[in-house]
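Notes follow the structure.
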Amino acid sequence: MGLLSRKATCNSHGQDSSYFLGWQEYEKNPYDETKNPKGIIQMGLAENQPKTQMQQVSKEMANPFSKNLLFSKITMAIPEFKKALVDFMSEIRGNKVTFDPNNMVLTAGATSANETLMFCLAEQGDAFLLPTPYYPGFDRDLKWRTGAEIVPIQCSSSNRFKITESALEEAYQQAHKKNLRVKGVLITNPSNPLGTTMSRAELDLLINFITAKEIHLISDEIYSGTVFSSPGFVSIMEVLKDRQLENTDVWDRVHIVYSLSKDLGLPGFRVGAIYSNDPIVVAAATKMSSFGLVSSQTQYLLSAMLSDKKFTKEYLSKNKKRLLKRQNKLVSGLEKAGISILESNAGLFCWVDMRHLLSSNTFEAEMELWKRIVYDVKLNISPGSSCHCTEPGWFRVCFANMSEDTLKLAMQRLKSFVDSMNVNDSNKSHQELKNARKSRSRNKWVFRLSFQSFHDREQDER
Amino acid sequence: MVAMSKIATGNGHGENSPYFDGWKAYETNPFHPSDRPNGVIQMGLAENQLCLDFVEKWLMKHPEVSLCSPEGVSKFKETALFQDYHGIPEFRQAVAKFMAKVRGDRVKFDPDRIVMSGGATGAHESLVFCLADPGEAFLVPTPYYPGFDRDLKWRTGIELVPIVCESSNNFMITREAMEAAYERAQEANLRVKGLLITNPSNPLGTILDRETLKAVVKFINEKNIHLVGDEIYAATVFQEPEFVSISEIIEEDDVVCNRDLIHIVYSLSKDMGFPGFRVGIIYSYNDAVVSCARKMSSFGLVSSQTQHLIASMLSDDDFVENFIAESKEQLFKRHKYFTWSLAQVGIGSLKSNAGLFIWMDLRKLLEEKTFEAEMKLWRVIINEVKLNVSPGSSFHCDEPGWFRVCFANMDDNTMEVALLRIRTFMMKNNEAMVPRPKLCRRSSLKLSLSRSRRMDDFMSPGIMSPHSPLPQSPLVRARN
């Protein structure tokens with residue numbers, strides 16, 4: 001019997017994670033307003049599709065000029081596309097930074113971009129440090145075929161999951177203990193799953209760290225166009241520029257990953273990009289991009305779209321407004337169920353605090369709760385453990401990939417669930433929960449509203 | 001300063017080969033009929049541009065397949081959001097149907113075994129990631145496509161061991177050659193995991209006959225190694241004998257084969273002329289490989305916009321049938337004219353019935369039978385004749401003097417310019433050559449008076465070989 005490779009038979013593709021199991025359950029029983037109203041609502045998919053936004057993009061497509069796209073030289077790649085893409089990236093950053101199209105490498109989605117960068121920068125025996133919680137797909141994208149390792153930079157709710165100097169150092173030491181050579185740090189800014197942007201202080205800290213250790217920094221900025229409220233988005237490039245670090249060593253070691261899957265809501269089109277100031281990285285990544293180029297048909301379409309500056313300006317503005325409105329709807333819906341979130345200003349999801357609903361402060365309890373939410377409440381949300389969160393009880397809940405009505409329904413289901421939980425558990429576990437709650441921090445930023453039956457009891461604990 | 005990976009800083013990308021140097025020469029000075037009439041003509045790129053107008057006509061009649069038209073924009077949203085790595089079902093069904101049609105409907109393909117990849121380039125790499133570990137090896141018959149050095153080895157860490165094929169038997173794959181390659185791998189302590197064949201062959205333009213295919217299948221089953229059949233040129237077979245696919249061989253009664261070892265790489269880049277669309281396919285008879293390759297397809301999914309277009313186009317049975325027939329016809333005509341024109345000036349090529357190129361025989365033009373001489377001749381062709389052709393050494397050919405020349409990636413006028421340059425070069429190099437009124441019309445770009453009559457003279461088999469009774473160019477005679 002012909003054997004397969006180790007890669008084929010191992011689990012490093014990461015698809016046995018609950019992150020993906022939830023999707024599988026959704027696929028077996030997907031919600032549909034008319035055909036399957038009792039199905040599972042997908043809240044585990046970070047996609048950007050508020051209805052009218054799609055109409056916006058579609059309208060652009062029906063423009064008579066677009067007819068020319070039918071008859072293009074369909075086999076040739078489009079140089080104008082890179083230019084249009086870098087201009088779009090600049091626009092998102094308030095034109096505070098500009099990008100050179102020659103430093104950009106197109107890839108088949110950010111999935112491919114991240115893997116390709118790993119192939120360029122790391123190999124077996126090397127590690128990248130990633131702040132937790134992080135996007136579950138990184139386990140596959142960064143490690144599977146490259147052989148590189150991920151070492152977590154532990155972040156906790158005690159300080160809003162911000163990256164600290166001690167956490168960075170601790171992670172660096174951890175890697176060394178495992179005999180791994182640290183090649184760099186990878187951050188996602190805005191963060192998936194947190195839905196927050198990094199502060200200037202954090203970015204400064206990171207630059208200092210990678211300078212001192214002489215390592216790379218990859219900034220995955222695929223959600224940069226989804227920042228819907230303050231503080232605004234600060235790109236790593238902006239900080240480098242402000243610190244006048246252009247054309248220094250560290251300038252060459254900072255690389256950006258971008259994509260149109262989240263900001264423009266076009267995940268099917270597979271448009272990703274690597275941006276680097278290091279010509280050697282650009283050259284190597286360009287050669288590797290042969291394994292996952294962007295369809296020229298798609299480049300042609302998007303080149304026209306992104307070159308229309310009136311459209312991009314209006315789109316970015318409308319996108320922000322609609323995301324803000326939709327996030328507010330989710331937050332108020334959760335509120336009604338007595339659930340709070342990590343205050344967020346970006347992304348297509350919220351980092352939801354359900355610690356108080358756990359039967360115990362363990363990951364087993366988190367899994368127990370998650371299973372009930374997927375199978376009984378029929379909402380696919382992503383458990384924090386799948387994002388390598390160090391504390392049980394956090395869940396990523398997406399809000400931009402469904403209609404307003406569906407979101408409303410989801411929140412109703414959740415509320416009913418929590419209410420019923422409360423009735424069942426009020427006698428048994430109330431005391432346990434109360435004790436557990438006493439030990440949690442009470443920072444003002446934790447936007448916490450209790451639901452009715454606990455309300456009176458909680459008053460004296462605030 | 002922290003180093004990049006060894007993969008990134010090494011030469012495994014294979015781009016320092018003359019195969020790519022020629023492209024660079026073309027890129028710095030590309031031919032254009034009016035802007036750059038003295039530029040380099042690209043004959044090193046195996047692209048099929050002969051039927052794109054046929055496709056354009058179909059697109060004009062079907063505005064609804066484009067997401068950009070008023071007729072088609074209603075599909076925009078669901079298509080833009082579709083990122084399931086199983087692929088759009090209609091796309092897989094249409095591709096499976098197309099693959100069957102290309103094989104004369106003699107076999108059927110299961111749409112659920114169709115896995116997407118970033119072109120055939122991505123398909124090859126992913127398959128190797130599925131089938132082999134770093135340090136293991138694949139056997140590949142020479143001459144082979146230079147890109148395999150990058151696609152199969154670079155990031156995967158495997159080795160390629162050549163199955164040496166020789167001109168003495170028209171580069172056919174023999175049992176002895178396969179055994180010899182396997183033994184060499186053993187001696188080098190390399191564990192052989194598979195064998196890769198390209199059928200129809202790049203660069204030869206020939207197809208593997210039934211006996212050879214059966215011998216290959218027998219061999220891999222005996223050694224218990226995988227067989228990857230790269231069939232990306234399947235629809236470019238423009239003349240008898242008919243193409244035989246691995247998928248047909250394994251169905252034959254007298255063939256014993258473990259299907260878990262059989263995998264096919266396909267693409268629309270050559271057969272349809274859509275290299276820009278990056279439509280690569282892995283088709284495996286092994287369930288575990290399908291599953292693993294599908295997970296890996298995340299690194300190179302086909303744009304859903306393209307899937308949508310292809311699904312519509314290849315579901316149109318009339319279009320598919322007409323396209324395949326038209327493409328064969330155009331390739332046949334272009335091939336015949338090109339090889340005949342070369343023969344006029346004494347240049348022979350391996351007899352071929354497929355592909356987008358010919359395997360041109362310039363052994364007699366070499367100063368000596370060495371690869372250095374081949375490189376010298378190649379530089380002359382690039383710099384003086386200004387044609388980018390690909391030297392056989394870049395294809396790991398074991399004999400110097402062979403060159404791959406592409407003929408389907410240009411319009412008729414550019415073809416005439418290329419042929420004129422070849423003729424000029426051949427004549428310039430031989431002052432003693434007597435102009436033949438029948439063959440040479442220096443005043444005209446066209447090479448023949450009555451093309452069809454001339455071509456009739458050369459239609460019989462075997463006539464294109466270097467051993468033909470055609471009078472050879474004095475340049476050739478001088479070297480003997």
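By convention in this document, chain letters (A, B, ...) are assigned in the order of the sequence lines, proteins followed by strands, and residues within each chain are numbered from 1.
To the nearest 0.5 angstrom, Cys292(B) atom SG is 4.0 Å from Trp144(A) atom CH2. Here His308(B) contributes atom NE2 and Gln297(A) contributes atom CD; the two are 9.0 Å apart, rounded to the nearest 0.5 Å. Considering OG1 of Thr121(B) and CG of Leu293(A), their distance stands at 7.5 Å, rounded to 0.5 Å. Of the inter-residue distances, the one linking Thr9(B) atom OG1 with Ile280(A) atom CD1 reads 9.0 Å to the nearest 0.5 angstrom. Rounding to the nearest 0.5 Å gives a distance of 7.0 Å between CG of Leu302(A) and CD of Gln305(B). We find the CZ-OG1 distance between Arg155(B) and Thr146(A) to be 9.5 Å, quoted to the nearest 0.5 Å.
For Thr79(B), there are no side-chain hydrogen bond (donor to acceptor under 3.5 Å, both in side chains) partners, not counting sequence neighbours. In this view, Ser297(B) satisfies the side-chain hydrogen bond (donor to acceptor under 3.5 Å, both in side chains) rule with no residue, not counting sequence neighbours.
Taking each heavy atom of Cys68(B) and Leu301(A) in turn, the nearest pair found is SG-CD1, 3.9 Å. Shortest non-hydrogen contact noted between Lys6(B) and Glu123(A) is N-OE1, 2.8 Å.
Counting heavy atoms from C-beta outward, Arg270(A) and Thr306(B) have side chains that stay 4.5 Å or more apart. Using a 4.5 Å heavy-atom cutoff, the side chains of Met296(B) and Glu115(A) are not in contact. Ile7(B) is listed as a side-chain neighbour of Met288(A), based on a closest heavy-atom distance under 4.5 Å. Side-chain contact between Arg145(A) and Glu125(B) is present, with heavy atoms from C-beta onward closer than 4.5 Å. With a 4.5 Å cut-off on side-chain heavy atoms, Arg278(B) and Phe291(A) do not count as touching.
With hydrogens and angles left out, the side-chain atoms of Thr298(A) and Ser303(B) include a donor and acceptor closer than 3.5 Å.
Formation of a donor-acceptor pair under 3.5 Å by the Ser5(B) side chain with backbone atoms of Cys120(A) is found in this model.
Ranked by non-hydrogen atom pairs under 4.5 Å with chain B, the options Ala113(A), Gly292(A), Ala122(A) are led by Ala122(A). Counting heavy-atom pairs closer than 4.5 Å to chain A, the top-ranked of the candidates Ser304(B), Gly119(B), Ala8(B) is Ser304(B). Among Gly184(A), Ala283(A), Pro267(A), Ser261(A), the residue with the largest count of heavy-atom pairs under 4.5 Å with chain B is Pro267(A).
In this structure, chain A has heavy atoms under 4.5 Å from both the backbone and the side chain of Ser126(B). There is no contact between Ile88(B) and chain A, counting heavy-atom distances below 4.5 Å. For Asp141(A), the parts lying near chain B are the backbone and the side chain together; criterion is any non-hydrogen pair under 4.5 Å. Only the backbone of Val294(A) comes within less than 4.5 Å of a heavy atom in chain B; its side chain stays farther off. Heavy atoms of Lys223(B) lying under 4.5 Å from chain A are absent altogether.
Relative ring orientation between Phe269(A) and Phe76(B) is described as perpendicular, the plane-to-plane angle rising above 60° on a 0-90° scale split at 30° and 60°.
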